[in-house]
Amino acid sequence: MHRGHNLTKYMAYDPTDRKSIEVRAKALVGKSLRQALEGLSVVHEYHGRGAFGLFLESFYFGIHPGNSSEPDFKEAGVELKSFPLKRSKKGLVAKERISLGMIDYMSMPSETWETSSFLKKNSDLLLIGFLHESDQDFLDYLVKIAELWEFPPEDIEIIKEDWKKIVAKVRVGKAHELSEGDTLYLGACTKGADSTGRRPQPNSKEMAKPRALCLKQAYVNAIIGRTLDGAEAVVKDIGQLKKSASFEELVAARFERFKDKPIDEIHTMLGLGLVTPKPSKDHYAKLARLMMGVKGKKIEEFEKAGVVMKTIRLEQDGKPKESMSFPAFKYKELVKETWDDSTFKDMLERRFFFVVYQRDEKGELRFKKVKFWTIPTHDLEVEVGSVWEETVQRIRAGKADKLPGQKENLVAHVRPHARNSRDTDEAPDGKRLVKKCFWLNREYVGKTLI
DNA sequence: GCATGATCATGC
DNA sequence: GCATGATCATGC
């Protein structure tokens, strides 16, 4: 078998019919491509990233869409997207984002959401999720998800806002400042194996990195959660969706009535009891969730979007009382990472949601404001990057007890993060040291709020 | 006053 | 039992 060989004659399915496509797709669930195409001796030349998808198109669905602006199943209006899953402690998660087509900086500004090439191609997706195993041939990957996916209305509202944010930047000649952290579900992710390629953009001489529109990893995880647990109702007509405020505005609006109110008054407003003399360390985080109208510890909208909530307490002078902690790392695992795919970089690239409290002149703590924030590229790549590299170097050199302190860098430092001094972790040299994590400097956190 | 080390309280 | 977000406490 070779590329271009038409197998559709073996298939009792109609690639122009949505229902038929779905039936054929669903038949893949629980099988590998090799099993699904049983009986055919398969010799192929496909390999590397995207091999699964190309093979699936040609030999399972018998289509050859190429790089068209039309959906892959043109007549049915369905775009085929296969994507890898991987195992995590909690179950299956997305291995990466789902890319939905390169951004054409020059033509995008003249589009509206309704007429966008994005919507034209991607409003109706056939999602095929397969379990990626690094030691297997892609023909043996098991298909876990096969789902016709139209975006639920509440999601499409957010995606629309995301899309508009991206276009807005491109329009004003700021394509080079695009960042995946700008948006929630739909992201502008960098494309191209080497990071050197650049493209022209309108209204600026600056060249911009090539980027594609993508469903961000956190959102793909939300899709996986929904489809593996059984599908929800989906929207029938994307054009009918009504307008609403953006996700971030909606979230911020929930806090509006609490602005500048002292803690005890907020307690009253929320129908809580009196403020205890010594509130627990996560009391203000809990209060923040309650102000948002969320009961549990998880905030579903934030989980989907990969947004991280952090509470910040400011003193009278407006400076944060504390630096900002992150999960403790394991010395031996940290030194195996590279900065670009490090756990900490991954964490910092997310969108943050700060809930800010401040002491007034009488010393009374009040809710001040909320703020969505993404770390500027320079601060991440140059400042945090160097702290990270220095940390790894010192651990490798057996100096895990002397990691970069707050005075060494303006943005980040390393410091203990453990239950107590006996809560230790083994360094590569065998010494046991108290668990530590990366912190964002107190002073720096203060500056982000201005 | 601030950096640094140490620890608390919660919830899974 | 432990990770986690957050804050306390000490000493320079």
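Here is how names work: the chains are called A, B, and so on, in the same order as the sequence lines, proteins then strands, and each is numbered from 1. In this text the structure is predicted, and so the values were computed from the model without any measurement. The basis for the numbers below is simple: all heavy atoms, side chains too, and nothing from hydrogens, waters or symmetry mates.
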Would you say the side chains of Asp341(A) and Thr338(A) form a donor-acceptor pair under 3.5 Å?
yes

Separation of dA3(B) atom C1' from Asn441(A) atom CG, nearest Å, is 10 Å

Expressed as a whole number of angstroms, how long is the span from Lys435(A):NZ to dT4(B):P?
22 Å

Side chains of Glu408(A) and His413(A), donor plus acceptor under 3.5 Å:
no

Base, sugar-phosphate, or nothing: which does Thr311(A) touch, judged by heavy atoms less than 4.0 Å apart?
sugar-phosphate

Could you tell me the separation between the CD atom of Glu443(A) and the P atom of dT4(B), rounded to a whole number of Å?
13 Å

Testing Leu410(A), Val384(A), Val411(A) one by one against Tyr444(A) for a side-chain contact (heavy atoms from CB on, under 4.5 Å), which residue passes?
Val411(A)

Five pairs per end, C1' atoms only: what is the angle between the end axes of the helix from dG1(B)-dC12(C) to dC12(B)-dG1(C), to 10 degrees?
20°

Classify the angle between the aromatic ring planes of Trp339(A) and Trp388(A) as parallel (below 30°), tilted (30 to 60°) or perpendicular (above 60°).
tilted

Between the protein and nucleotides 5-7 of chain B, which nitrogen or oxygen pairs come in under 3.5 angstrom?
{"residue": "dG5(B)", "atom": "N7", "partner": "Arg415(A)", "partner atom": "NH1", "Å": "3.3"}
{"residue": "dG5(B)", "atom": "O6", "partner": "Arg415(A)", "partner atom": "NH1", "Å": "2.8"}
{"residue": "dT7(B)", "atom": "OP2", "partner": "Ser421(A)", "partner atom": "N", "Å": "2.7"}
{"residue": "dT7(B)", "atom": "OP2", "partner": "Ser421(A)", "partner atom": "OG", "Å": "3.2"}
{"residue": "dT7(B)", "atom": "O2", "partner": "Lys281(A)", "partner atom": "NZ", "Å": "2.6"}
{"residue": "dT7(B)", "atom": "O4", "partner": "Ala418(A)", "partner atom": "N", "Å": "3.4"}
{"residue": "dT7(B)", "atom": "O4", "partner": "Ala418(A)", "partner atom": "O", "Å": "3.0"}

Rounded distance in Å - CZ (Phe438(A)) to P (dA3(B)):
19 Å

Between Lys330(A) and Met324(A), who's closer to the 5' end of DNA chain C by nearest nucleotide?
Lys330(A)

Any side-chain donor-acceptor pair under 3.5 Å between Arg432(A) and Thr424(A)?
yes

Those residues that, when tested against Lys216(A), pass salt bridge (charged side-chain N to carboxylate O under 4.0 Å, His left out) (two or more places apart)
none

Counting only side-chain nitrogens and oxygens, does Lys321(A) get under 4.0 Å of the OP1 or OP2 atom of dC8(C)?
yes

From CE of Met309(A) across to P of dT4(C) the rounded distance in Å is 16 Å

Just checking, any donor-acceptor pair under 3.5 angstrom between side chains of Glu111(A) and Ser117(A)?
yes

Considering only heavy side-chain atoms of Lys407(A), the closest of dA3(B), dA3(C), dT4(C) is dA3(B)

Of the nucleotides dC2(B), dC8(C), dT10(B), which has the atom closest to the Arg442(A) side chain?
dC2(B)

Distance-only polar pair, side chains of Thr374(A) and Arg351(A), donor-acceptor under 3.5 Å
yes

Starting from C1' on dC8(B), measure out to OH on Tyr284(A) and report it in whole angstrom.
14 Å

Separation of atom CG in Asp282(A) from atom P in dC12(B), rounded to whole Å
11 Å

Looking at Asn409(A), is its backbone amide N or carbonyl O close enough to the side chain of Asn441(A) to form a donor-acceptor pair, meaning the two atoms are under 3.5 Å apart?
yes

